[in-house]
Amino acid sequence: MPEGAHTLGEDAARAIADAVEDPGFVRNEEIGRVIPIRVESGTLYAIRANVCALKVVPYVVNPRVAPIGRHPAALDESSERTSYWAPADVSAPADRSELILDAGSRSTLSSIINRQQEALRSDRYWMKSIRESGVRRPITLVPIEFDITDDDNRTVLTSIEGSTRAAELHAALDLKGSSEVVFGDYSSLDRVHQRWAELHAVIDAPLDDVDPADLVPARCLFPPAEIIIGFVPNDGESFVDAVDSYLTDEHINPRRPWAPTAQDEKIGDQLLKALRDTGEIDEDEMKYLAGQMSREEAEASAHDPWPARRAASLANYVMRDPQSGLGKLVNSTMRIATSSKRTEARTKAGLVATLSYRAVPDATADSHKDARSALSLAWASPLIQNKGPEWTVTQRSPGQLREAALKELETTGQPGPAAIEMQAMSAFVLARNGILKRGRSKAAGGDAEDPGTLLDRISTRPDGIQLYFRVLSDDLDGQPLAKPDLQTGEPRPTATGEFARLRTEPNPSDPRPSTPDQWIREQFRKKSEARDDEEAPSGSTTTDGAGDAPVEVSPESKFDNTLSAIDGIFKELANEFEALAEIEVNDESFAESQGIGPDYVDAWQKVLNAVMGKVSHLGEVHKKRFAALQASIEDEQAAADVDDE
C-alpha cells in the first residue's frame, strides 16, 4: 500500500486473522497482492481470502433493510434510541480503515442483527444457489467495532457488500441468528475451530460416505471475500465516505440493484450530505431531514417533529426548479449518485416520499408503496417546484396558514407561498391516510387526473384552502381526518352528532367502485366538468388554473359531465345510506331501532318521486331513439348485402 495509507488497529487485525481460513498463506502471499479499489472518496485496498462465515456479520447500516428499521423520527418516548442505525451513526478512527458503531445494549444489538438477517433472507434470491454451490462472487468485508454499553466491546468483520449472502450462509450453517457470531457460541474461537474440524471431516470424506444434507454447511463455511485493509483518501474524505461511495457504485448502478426504496434511502442520505457540505443546511438540519432526530431531539434543536412539516421541508429542498441554483445542485448530486443524466421531477419526488416516510412508525416498503406512487406525482407539480411563487416551510399553525393563504387569493387571485406550503403538507397527510391516489381511468370508474394537477387547482380556490386547513388541523391533533364544510373548514357533523370522515371505503358491490379520494375530486372538478347550475364557492377562480382563459364547453360535453356528476351523487347517496345502517347501539342498528322521522321521509320521497319520474321518462326516450337508430342501421346493412350479391 502507498505510504501514509490508513491501516488497521490491533483489534481489527486480530478479527481478520481469526476469520481467514489460512492466516499463514494470507500473511506470506496475499498481502503482497493488494487490490486497489477506486471510489469517489479515494482508493480502498483489499486482499482476497476465504473467510469463515461464522466470523462475519451482515452490515448493520444497510439500505437494503433500512425500510424495516424505525428511524428516530418515528420513535415515541418509550422507544429505544438505537432501534435503528443510520449511516450517520457509523464513524471511523483517525487514520484507520475500520468502522465504529455505538451499538447500545447487548440485547439491542442482538435483536437488530437477527431482525435484519430475517429481512435480508426474505426474498430468497440467493438461497438455492448458495446451498447447491456455495458463494461464488466475493463478499466485501470491513472490520467493525461494536461499542456496547453493558458488555465488552466486540470487533468482527462485517459485509458492507454481500450482506444477503452472509445472512443466507448463517441460515445454511444452522445459526439461530447472526448475533451468535458476536455473542453466542461462535464468539468463542475454540467453538469456531471445532466446527471447522467437523465440516472439514465432511469435505475430506469419500462422497459416498457423506449425507447430502451435511454437504450444505460444508459448502457454506468458507466463502471467498475481499477484505478492506487500507485506504488512501481524497482531500477531506473519511473512511466512512469511502464505504458509502463503494456501496453506491455497487448497488445504485449495479449487477443486482437494491429495490427502489433502498436506492432512495441511500441517494437521499447522499443528497442531504451534499446540501450540508455546500452550506445549504447545517448538521442539525441534515439529521432532522434524514429522520435521525427523535421528537424530543428535534424540539430541542428548534425543529418541528410534525411529519407533515418535515415532509414539506424535504420537498422544498429537493423539488426545486432545475434552473435555480439549488435545483442545479440537487440534480448534479443525483446524477453523480445514480450515474444517470436524467433527473426527472417524479424521480426526485419519489425520493422525497421515501425519506418522508422515515417519520412514520412501523412503515415498510409495502405499506407506503401506494403513497409513494401518489406523492411522486403530487410533489412534481409546478407550484411545488417553485415555478410559480417562491415558497418555504414556516412554523405557522394551520389556522395562521389558512388566514395567510386566503389573503393571498383575495389580493392576487392566485395561490401564494402560504397556500403552496399547505399544499405540500396536505399532500403527505392525504397520501399517508390512503386518500390521495395517483388517479384511475374513467373506464375503471375513476379520475385519471394526476394528484399534482389536482392539488395545484385546489390551491387556487378558497374552499381548497379550507380543505387543507381541516386536513392539517386533524393530522396535527392526531385525529382521523374529518370531511369539512368547504365554506368554513369545520368538520361536517352527521345525524348522530359524530363527524363525517374524509375517507370512505369503496363499496364492494358497486360495479364501478369509487376511489377513496372521489369526494375531493368531485368537489374540485375542473371548470370544464362543472354543471351549469353549480355555483362556484365565494371567491373561487373561474379558470382551470392560474393564468388560464375560461374554457368554452360544448352542450354535448356539459350533458356528459352532468350525467357523470349525477352518477357520483347517486353513488354517494348509496354509500351514505350504508353508513347510516352501520351505526349501532348495543349491537343493533340505530336506524332500524329508531326509524327516520316524517320531516325527512316526506321531503326525500317528494324529491325521489320527481327525480325517478324524470329518469324513467328519459330512459324510455333513449330506448326509442336508439332502437329506431339501430333498426335503421340494420336496414342499411341488409340493403348493402343485397347490392353486393
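The structure displayed is predicted, hence computed values, not measured ones. We use all heavy atoms of the structure for the numbers below, so side chains are in, but hydrogens, waters and symmetry mates are not.
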**OP:** Using the test ring pair (Phe, Tyr, Trp, His ring centres under 6.0 Å), find all partners of His170 that sit at least two apart in sequence or belong to another chain.
**Re:**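 With neighbours one apart ignored, the set is empty.
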Subject >> Set of ring pair (Phe, Tyr, Trp, His ring centres under 6.0 Å) partners for Phe231, sequence neighbours left out >> reply: His6, Phe239
Quick one: list whatever passes side chain to side chain donor-acceptor pair (under 3.5 Å) with [X], sequence neighbours left out.
X: Arg136; result: none
X: Glu198; result: Gln194
X: Arg154; result: Asp151
X: Gln395; result: none

Grab the two heavy atoms, one from [X] and one from [Y], that are nearest each other, plus how far apart they are.
X: Pro143; Y: Ser97; result: CD-O, 4.0 Å
X: Cys220; Y: Ala172; result: SG-CB, 3.6 Å
X: Leu8; Y: Ile229; result: CG-O, 3.7 Å
X: Ile148; Y: Asn153; result: N-OD1, 3.1 Å
X: Val202; Y: Ala218; result: CG1-CB, 4.2 Å

Beyond-backbone contact of [X] with [Y], side-chain heavy atoms, under 4.5 angstrom:
X: Met286; Y: Glu283; result: yes
X: Leu289; Y: Leu355; result: no
X: Val56; Y: Val181; result: no
X: Val352; Y: Leu375; result: no
X: Tyr186; Y: Leu173; result: no
X: Pro224; Y: Arg48; result: no

Original post:
side-chain contact (heavy atoms from CB on, under 4.5 Å) with Pro307: which residues, sequence neighbours excluded?
Top reply: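 So Pro307 forms a side-chain contact (heavy atoms from CB on, under 4.5 Å) with Ala359, Phe428, Arg432.
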Original post:
Which is it for Glu168 and Arg131 under the salt bridge (Lys or Arg N to Asp or Glu O under 4.0 Å) test, yes or no, and what are the steps along the way?
Top reply: CA-CA 9 Å; Glu168 194 57 57; Arg131 289 171 184 253; 3.4 Å; yes
Can you pull the ring-ring contact (aromatic ring centres under 6.0 Å, His included) pairs that have at least one residue in [range], sequence neighbours excluded?
range: residues 23-42; answer: none
range: residues 202-225; answer: Trp196-Phe222, His200-Phe222
range: residues 265-313; answer: Tyr288-His303

Got a list of side-chain donor-acceptor pairs under 3.5 Å for residues 10-19, not counting sequence neighbours?
none

**OP:** Check for a donor-acceptor pair, side chain of Asn234 on one end and backbone N or O of Glu40 on the other, with a separation under 3.5 Å.
**Re:** yes
Original post:
Ser313 and Asn316: side-chain donor and acceptor closer than 3.5 Å?
Top reply: no
**OP:** Enumerate the residue pairs fulfilling salt bridge (charged side-chain N to carboxylate O under 4.0 Å, His left out) with a member in residues 170-187, sequence neighbours excluded, ordered by first and then second residue.
**Re:** none
**OP:** Kindly compute the distance separating NZ (Lys55) from CG (Leu141), expressed to the nearest 0.5 Å.
**Re:**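 Between atom NZ of Lys55 and atom CG of Leu141 there are 13.0 Å.
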Subject >> Reported CD1-to-OG1 distance for the pair Ile113 and Thr108, which is rounded to 0.5 angstrom >> reply: 11.0 Å
